[in-house]
Number of protein chains: 2
Amino acid sequence: MTENLTLQMDDYLPLRDVVFNTLREAILKGELKPGERLMEMHLATKLGVSRTPIREAIRMLEQEGLAVTIPRKGAQVAKMTEKDLQDVLEVRDALDALAVVCACERMTDAQFVELKEAMKAFENATHTDDVRKIVETDEAFHDVIYAAAANPKLENIISSAREQMYRYRYEYVKNPSVYAQLIAEHRAIIEGFNRRDVEYLKSIMHTHLSNQINAVRVVIREQV
Amino acid sequence: MTENLTLQMDDYLPLRDVVFNTLREAILKGELKPGERLMEMHLATKLGVSRTPIREAIRMLEQEGLAVTIPRKGAQVAKMTEKDLQDVLEVRDALDALAVVCACERMTDAQFVELKEAMKAFENATHTDDVRKIVETDEAFHDVIYAAAANPKLENIISSAREQMYRYRYEYVKNPSVYAQLIAEHRAIIEGFNRRDVEYLKSIMHTHLSNQINAVRVVIREQV
DNA sequence: TGCGTGTATTTTGTATTCAATCTTACTAAA
DNA sequence: TTTAGTAAGATTGAATACAAAATACACGCA
């Protein structure tokens with residue numbers, strides 16, 4: 001009885017959050033492209049709500065760095081310049097390093113098992129041509145690491161930094177020739193955690209991230 | 001003529017941003033205390049606007065980590081637990097390290113002059129008993145370093161991480177016995193930039209940050 | 001054709017309204 | 001005295017309404 005009640009409470013989501021999640025997903029999946037205008041009335045009718053929750057969701061997207069608003073002109077999906085990419089990567093590099101240091105200290109056995117399973121799931125996904133699944137399992141793999149770092153603040157900041165560039169990454173992941181390398185790097189990461197070798201892990205993570213730069217850079221250059 | 005026009009354009013700020021800045025300041029200065037409720041109607045009448053811009057500002061504060069909203073109950077100023085503090089410090093430690101590495105590479109001569117001036121301003125401020133001024137000049141000193149890192153994304157993330165704990169820091173800074181140490185550390189930082197000694201800078205920054213932990217921790221413990 | 005100009009339309013900014021939920025205070029019963 | 005229940009008021013959630021600004025477009029003119 002009471003369980004039902006709390007369940008309902010958890011179930012309730014303000015429309016602003018529903019809208020926020022919807023738009024966020026759409027941006028990350030590339031359905032809303034960088035530079036595309038986010039017109040309130042248009043989105044409102046499309047999602048069947050009024051402008052109020054749309055506007056609140058846009059404020060949230062803005063703070064996440066996924067949208068940019070120009071007063072009296074409206075919001076649009078944030079574009080990244082190459083400089084932005086460079087800047088974000090610099091930050092992610094530092095945060096990923098911190099994450100592996102923390103995770104190395106704090107990872108439980110259960111989480112290590114989870115990591116190996118996430119690895120397998122990713123490997124399996126690369127054998128399909130379901131790009132979405134590949135991206136998702138890749139993210140899931142890294143999520144295990146971030147969770148193992150046991151630092152929710154870090155997790156938040158990394159995920160917001162990831163979001164900003166991940167939406168440019170689909171093109172990169174579409175190219176099957178990179179799968180072998182990604183798998184090898186993931187394996188190396190697992191090996192690193194197995195040995196609890198922090199320095200090794202940091203360098204692998206750095207490589208893993210660097211490999212994405214050029215690919216994403218190309219996608220960014222293509223953007224008008 | 002045209003200058004006047006562009007000036008007006010720059011001058012225009014949507015009310016949501018005015019409200020956001022106002023509330024943000026109030027939270028950071030401690031006028032709105034952790035746990036205090038942010039009631040829309042109350043704030044609206046107090047600031048002489050309607051609820052709409054208040055709500056949008058609250059969404060922004062929320063995303064900045066300065067407010068927490070419980071659906072159908074409203075927003076309140078975010079509280080930090082000791083764990084939160086620990087987590088944020090871990091992140092800031094990593095980001096500050098990154099910032100000094102970047103700044104060490106990229107700092108211009110003009111910025112170095114600026115840093116030394118900011119140092120002097122801080123030192124002068126400590127000779128007064130204007131806590132606000134001391135806090136501001138301290139922040140300004142660090143802002144010069146962050147600006148010198150020439151990475152706006154990093155700057156954003158650091159400033160949001162700083163905000164989350166700075167509002168607990170007033171009590172710490174109120175205690176004049178710490179000024180000498182702060183000044184010494186700032187001097188060491190300048191010396192580090194002078195020598196372009198990255199490792200030294202990293203360790204100083206780490207110390208500088210660590211010294212705040214216990215002080216802030218005490219303030220957090222006091223919070224009901 | 002190219003360039004302003006003025007108007008109509010669209011879009012955002014803000015306020016107001018209505019509905020749903022939560023709080024609080026009071027009453028009544030154990 | 002305490003506790004359950006209930007009703008009134010307060011507060012948030014969402015939609016609508018209105019005002020101001022930006023945009024688009026047609027028109028006239030050189």
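Below, read A as the first sequence line, B as the second, and so on, with proteins coming before strands; counting in each chain starts at 1. Atom set for the values below is all heavy atoms of this structure, side chains included, hydrogens, waters and symmetry mates excluded.
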Quick one, give me the B/S/- string for nucleotides 5-13 of chain C, reading 5' to 3', where B means a protein heavy atom under 4.0 Å from the base and S means that only happens at the primed atoms, P, OP1 or OP2. ------SBB
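Between B:E163 and B:R24 there is a salt bridge, since a side-chain N of the basic residue sits under 4.0 Å from a carboxylate O of the acidic one.
Taking the side chain as every heavy atom from C-beta outward, B:Y179 and B:V173 approach each other to under 4.5 Å. With contacts defined as side-chain heavy-atom distances shorter than 4.5 Å, the pair A:H208/A:D96 does not qualify.
Checked against B:V91 for a side-chain contact (heavy atoms from CB on, under 4.5 Å), the options B:D93, B:L95, B:V88 give a single hit: B:L95.
Annotation: side chain to side chain donor-acceptor pair (under 3.5 Å) contacts involving residues 99-112 of chain A, sequence neighbours excluded, comprise A:R106-B:E90, A:T108-A:Q111.
Atom CD of B:Q76 is separated from atom P of C:dT23 by 12 Å (rounded to the nearest Å).
Under 4.0 angstrom from either OP1 or OP2 of C:dA15 there lies at least one side-chain N or O belonging to B:S50.
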